[in-house]
Amino acid sequence: MTFSWKRVNAILQKDFKDFSRNSAVSIIIFLPIILAAIYGRMGIDSLQVHFMTINMAFAMVGTYVQCCLIAEEKEKNTLRGLMLSPASTLEILGGKSLLTFVLTIVVVFFSAYLSEYRPASMGIVAFAIILSTLFYIGMGTLLGLVAKSVMESSVIVLPVIGVFTMGSFITAWTEKYPILKVAEFLPNIQLFELAEAVEQGAGFVQVFSELGIIGIWIVVIFALTVVVYRKRMVD
Amino acid sequence: MSLKFIQAEKQVYDSIVFPAFDLTIAGGEVTAICSTVNIREQLIEIILGRSLLSNGEIQYADEKKLAFFFLHEGLHERLSVQEFLKFFHQLYQSKQSIEEITRLVQLDSKKNKKIKDLTYSEKKRAQLAYILIQNAETYIMEEPDQNLDVESKRIFIAVFNELRKLHKTVLVLTSHLETAVTVADKIVRLDDKGLQIVQTEEEHPEELQNENGKESEAEEKIVQPIRFEKIPTKVNEKIVLFDPPEIDYIESTEGQTILHIKGESFPCTFTLNELEERLYPFGFFRCHRSYIVNLQKVREVITWTRNSYSLVLDDVLKSSVPLSKTKMADLKGMLGLK
């Protein structure tokens with residue numbers, strides 16, 4: 001089976017049309033943007049707030065939309081038709097991920113723009129954001145494989161939104177509850193630390209450990225997705 | 001291109017779903033397998049490769065050349081018919097013309113409508129268009145015309161003719177003999193007893209008359225040793241012939257004779273008296289003024305009161321047939337009881 005961009009493209013187009021007409025899911029992409037605009041107008045200019053909206057964009061677009069796209073194919077019984085077609089699973093998931101990826105980047109860009117976040121080094125932050133997007137899409141794919149319907153996917157995605165959006169505040173409690181130190185390894189907090197370092201003028205070499213940890217998260221989530229996929233597709 | 005079942009056999013937990021059978025479906029031919037829902041589902045699972053045959057094998061050209069028309073298929077409801085077909089056109093990198101196919105299933109006036117706004121029958125036609133786009137060699141259709149409106153049934157039959165012309169292999173899986181008779185050239189019945197070929201004849205009014213003429217001649221010369229022993233029934237425009245041993249019982253209601261076979265009923269043009277005479281050598285028995293029963297199929301004789309009796313048959317439905325008092329004596333005689 002050869003990997004064909006034509007088929008990926010077909011799936012991307014179909015999913016885009018499908019997604020844009022599904023207002024219940026597509027409306028969610030405006031939430032981070034609106035929130036960012038409000039914070040921006042209020043003149044709040046702390047890194048923590050910037051990254052709250054960006055992380056919200058990750059969780060709501062990268063994870064939730066990806067999860068819904070997959071779960072809906074299962075719920076509507078259209079996945080069987082796709083699986084019987086010449087398109088391989090990689091192409092099906094690839095087309096969907098590509099759509100989510102583009103959407104996430106666009107939403108993150110507008111959130112950052114509207115909340116007036118101007119990073120000191122665009123290159124490093126952009127690279128870290130692209131890496132994080134991969135992680136959240138992997139997470140969305142994993143949840144999409146587990147969820148059986150759109151309804152279920154919107155429930156199981158809630159803890160993800162909770163942990164990764166509000167996660168930046170967990171660090172405030174680490175003094176009181178040392179166990180929460182583990183949370184510092186979460187990709188969203190790593191991203192935040194990276195952004196802080198960048199503001200202090202750090203280069204690629206100084207933030208290598210943060211990028212490395214995000215990279216490890218990506219590997220872990222993709223490995224988990226493959227395992228779950230193998231298990232789910234047997235039955 | 002053909003689809004071949006070779007000594008295919010399936011058992012689940014020691015019970016036979018279907019015993020070994022051979023069947024070859026040639027190109028340019030529509031074959032129908034008439035079976036229960038269980039067997040139909042098992043067959044589809046096996047062809048899909050999700051479940052294995054207990055024995056034997058199924059041969060076909062190429063897995064990618066199979067197209068499936070499922071009874072329960074999800075369509076991408078938010079896309080319009082045109083977009084939906086275009087999507088699969090790209091996915092299969094098909095060379096078929098979308099317009100031609102839309103016209104064939106007569107959805108061209110609705111091609112900009114979203115699929116969720118179509119009626120059930122139109123959705124089924126969209127589904128049909130989508131499997132035509134695949135340009136497969138072998139088409140497997142599960143209950144193609146179930147719950148369809150008359151218009152769509154007509155379109156389906158036209159599409160079947162088109163597929164025949166293109167020399168495609170078509171396998172129809174259905175539980176209704178009526179569907180099978182309407183669409184297929186070759187009909188087989190598959191159940192836990194094995195595969196049986198159901199013979200059909202196209203109805204040609206003139207020939208039919210001739211046949212009737214011959215038969216009445218034959219009846220005049222009563223000593224003719226060889227007689228046509230199949231019982232014809234009429235389903236739509238076709239005549240289906242049944243072997244007498246297949247028949248469970250025959251009933252006459254409101255002047256119409258009805259054959260009961262495996263829980264299905266088929267109208268027959270003969271009167272009960274004619275059938276009684278024809279079927280007597282096969283062990284049939286006139287047990288009531290309006291019933292003839294196949295004695296081989298009788299399991300129990302139930303006595304309700306001294307004057308009323310019933311025969312319980314060994315068929316799928318465990319049907320019971322009334323037995324009149326006068327006939328009870330005859331039956332006892334036939335059974336060798338006093």
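None of these values were measured; they are calculated from a predicted model. Chain letters run A, B, ... following the sequence lines, proteins first and then strands; every chain starts at 1. All values below were derived from every heavy atom in this structure, side-chain atoms included, with hydrogens, water molecules and symmetry-related copies excluded.
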>> My understanding is that only residues two or more places apart in sequence, or in another chain, count here; which of them pass side-chain hydrogen bond (donor to acceptor under 3.5 Å, both in side chains) with A:Asn9?
In response: none
>> I want to check something: taking the side chain as every heavy atom from C-beta on, are A:Arg80 and B:Phe70 in contact at a cut-off of under 4.5 Å?
In response: yes
>> Counting heavy-atom pairs closer than 4.5 Å to chain A, which one of B:His89, B:Lys86, B:His72 comes out on top?
In response: B:His72
> Where on A:Leu79 is there a heavy atom nearer than 4.5 Å to chain B: the side chain, the backbone, both, or neither?
Replying inline: neither
> Which atoms of A:Glu73 come close to chain B, meaning under 4.5 Å heavy atom to heavy atom: side chain ones, backbone ones, both, or neither?
Replying inline: side chain
>> Less than 4.5 Å apart, side chain to side chain, heavy atoms only: is that true for B:Gln93 and A:Arg7?
In response: yes
> Do NZ/NE/NH1/NH2 and the carboxylate oxygens of A:Lys76 and B:Glu73 come within less than 4.0 Å?
Replying inline: no
> Quick one: does A:Leu82's side chain get under 4.5 Å of B:Leu91's, heavy atoms only?
Replying inline: yes
> Could you state the interatomic distance from NZ (A:Lys14) to CD (B:Gln90), rounded to the nearest 0.5 Å?
Replying inline: 12.0 Å
>> Please classify the contact between B:Lys114 and chain A as side chain, backbone, both or neither, with a heavy-atom cut-off of under 4.5 Å.
In response: side chain
> Hey, does A:Leu84 have a side-chain heavy atom less than 4.5 Å from the side chain of B:Leu48?
Replying inline: yes
>> Surrounding OH of A:Tyr113 (heavy atoms of other residues, nucleotides or ligands, distance under 6.0 Å), is the total greater than 12?
In response: no
>> Counting only heavy atoms from other residues, nucleotides and ligands, does the tally under 6.0 Å from CD of B:Glu178 exceed 12?
In response: no
> Does a sphere of radius 6.0 Å around CZ in A:Phe110 hold more than 12 heavy atoms from other residues, nucleotides or ligands, not counting ones at 6.0 Å or beyond?
Replying inline: no
> Excluding sequence neighbours, so at least two apart, what forms side-chain hydrogen bond (donor to acceptor under 3.5 Å, both in side chains) with B:Arg103?
Replying inline: none
> Quick one: OH on B:Tyr92 to OG on A:Ser85, what's the gap to the nearest 0.5 Å?
Replying inline: 4.5 Å
> Quick one: ring-ring contact (aromatic ring centres under 6.0 Å, His included) partners of B:Phe160, sequence neighbours excluded?
Replying inline: none
> Which of residues 15-36 of chain A have a heavy atom under 4.5 Å from any heavy atom of chain B?
Replying inline: A:Lys17, A:Asp18, A:Arg21, A:Asn22
> Looking at B:Tyr130 and A:Gly81, what are the two nearest heavy atoms and their distance?
Replying inline: OH-CA, 3.5 Å
